[in-house]
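Everything quoted here is computed from the prediction, not taken from an experiment.
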Protein chains: 2
Amino acid sequence: MREFLKTKGYKMTPQRELVFRSFFELGEHVSVDELFDRVKRIDESVGYSTVWRNLKLICEVGLAREVTVGDGVTRYDRVTRKPHGHFYCLKCKSLQEFDLNEIAGRLSKVATAEKFETESFKVEIEGVCKSCRDKENKKAKRNLSTSPKISRTKPSRQK
Amino acid sequence: MREFLKTKGYKMTPQRELVFRSFFELGEHVSVDELFDRVKRIDESVGYSTVWRNLKLICEVGLAREVTVGDGVTRYDRVTRKPHGHFYCLKCKSLQEFDLNEIAGRLSKVATAEKFETESFKVEIEGVCKSCRDKENKKAKRNLSTSPKISRTKPSRQK
DNA sequence: TTTGGTATTGAAATTGATTTTCATTTAGTG
DNA sequence: CACTAAATGAAAATCAATTTCAATACCAAA
């Protein structure tokens with residue numbers, strides 16, 4: 001990794017190594033805050049901007065890419081061999097992946113037909129995951145009469 | 001429209017009517033700023049928050065939905081009969097639509113298979129549109145020797 | 001039509017994530 | 001070891017999104 005970065009003109013530092021390692025240890029869909037928390041647990045002295053900048057760097061060198069869902073927090077996905085889409089649960093804000101092989105093929109065709117040069121795909125299915133749906137059902141049974149009031153604004157961003 | 005809103009417990013006001021009308025007159029992918037600009041041209045006195053709140057309201061009552069690409073600006077799409085995806089050009093930031101009929105069907109299947117209750121799809125193809133590619137090619141021809149330095153950070157948000 | 005309660009408005013302030021600044025330190029080259 | 005560009009950490013700046021609050025306007029009921 002040190003060598004890899006060197007060829008791109010970057011230096012290796014203990015902080016950078018820690019950030020990179022932590023990022024790859026964590027699963028997918030890592031937010032800056034999550035990564036920062038993890039890094040801090042190992043080295044209290046590392047600053048937020050260092051984590052942020054190195055996460056950006058990981059993207060810059062092509063090892064990760066940004067994922068944005070509609071909640072105002074950017075997450076970062078390790079670039080893996082396989083293209084995948086995301087299920088985004090509107091209740092618990094969790095992301096699950098699904099394979100995009102076949103669909104990516106079709107999207108490529110659409111792009112080509114429209115003379116669009118594809119850089120990447122972003123496919124998300126928004127909805128409610130099984131676990132949240134189960135919870136809802138239980139609640140509904142417990143409490144048949146109350147219909148929750150619809151809120152005019154979207155829930156405040158988490159954390 | 002007045003009646004429609006009344007049934008949902010909302011009042012009609014001149015400002016609201018203007019915001020709604022302007023939104024539907026504009027094309028798709030409207031940002032708050034764009035809508036605000038347009039509204040202001042007709043009535044200087046309307047405030048930004050009024051535009052913002054009414055755009056939210058349009059979503060709330062199901063006539064529009066948020067679209068987020070990776071540039072930090074939320075856009076709003078009129079909810080139309082047809083599901084569609086977006087080409088997002090990384091150079092000129094433009095959005096073009098493409099039909100999602102067939103692909104939506106496949107995505108539904110994937111969701112069902114994973115026991116995920118679908119609320120909506122979001123399909124984006126990021127890349128470079130034809131017009132930007134043509135410009136790039138011209139530039140490249142004019143200037144064969146210079147290789148632009150890669151920037152470490154993403155371009156500042158527009159406006 | 002007047003009145004009263006509630007929703008809406010506009011301006012300004014706040015929030016929360018992201019990004020930059022800047023003074024200092026450090027990595028890696030020679 | 002010495003030098004230079006890159007990297008760091010803290011704090012400040014940005015920026016879109018959202019909330020607050022006092023004033024105003026809608027509209028239903030009298």
Any [X] side-chain nitrogen or oxygen under 4.0 Å from OP1 or OP2 of [N]:
{"X": "A:T13", "N": "C:dT26", "answer": "no"}
{"X": "A:K56", "N": "C:dT19", "answer": "yes"}
{"X": "B:R16", "N": "D:dC26", "answer": "no"}
{"X": "A:Q15", "N": "D:dA7", "answer": "no"}
{"X": "A:R53", "N": "D:dT8", "answer": "no"}

Measure the distance from [atom1] on [X] to [atom2] on [N] and round it to the nearest whole Å.
{"X": "A:M1", "N": "C:dA27", "atom1": "CE", "atom2": "P", "answer": "18 Å"}
{"X": "A:F36", "N": "C:dT18", "atom1": "CZ", "atom2": "P", "answer": "13 Å"}
{"X": "A:E17", "N": "D:dT8", "atom1": "CD", "atom2": "C1'", "answer": "16 Å"}
{"X": "B:Y48", "N": "C:dA13", "atom1": "OH", "atom2": "P", "answer": "17 Å"}
{"X": "B:N54", "N": "C:dT8", "atom1": "CG", "atom2": "P", "answer": "8 Å"}
{"X": "B:E44", "N": "C:dG10", "atom1": "CD", "atom2": "C1'", "answer": "13 Å"}
{"X": "B:L57", "N": "C:dT9", "atom1": "CG", "atom2": "P", "answer": "9 Å"}
{"X": "B:Y10", "N": "C:dT8", "atom1": "OH", "atom2": "P", "answer": "7 Å"}

(message) Using a strict threshold of under 4.0 Å (side-chain N to carboxylate O), is an ion pair present between A:E102 and B:K109?
(response) no

(request) Kindly point out which of C:dA17, C:dA27, D:dA28 is positioned nearest to the side chain of A:V73? (result)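 When the side chain of A:V73 is considered, C:dA17 is the closest of C:dA17, C:dA27, D:dA28.
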
(request) Please determine, by modelled atom types, if A:H86 and A:D77 share a side-chain donor-acceptor pair under 3.5 angstrom. (result)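 Yes - a donor-acceptor pair under 3.5 Å links their side chains.
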
(message) Hydrogens and angles aside, do A:S45 and A:K40 bring a side-chain donor and acceptor to less than 3.5 Å of each other?
(response) no

(request) Report yes or no: is there a donor-acceptor pair, N or O only, under 3.5 Å between the side chain of B:K11 and the base of D:dA25? (result) no

(request) If the plane angle is over 60° it's perpendicular, under 30° parallel, otherwise tilted; pick one for A:F98 and A:F87. (result) tilted

(message) Quick check on DNA chain C: between A:M12 and A:S49, whose nearest nucleotide comes earlier from the 5' end?
(response)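 Nearest nucleotide further toward 5': that of A:S49.
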
(request) Find the distance between SG (A:C89) and CZ (A:R133) and round it off to the nearest 0.5 Å. (result) 9.5 Å

(request) Would you classify A:S45 as touching base, sugar-phosphate or nothing, given that sugar-phosphate means primed atoms plus P, OP1 and OP2, and contacts are heavy atoms under 4.0 Å? (result) sugar-phosphate

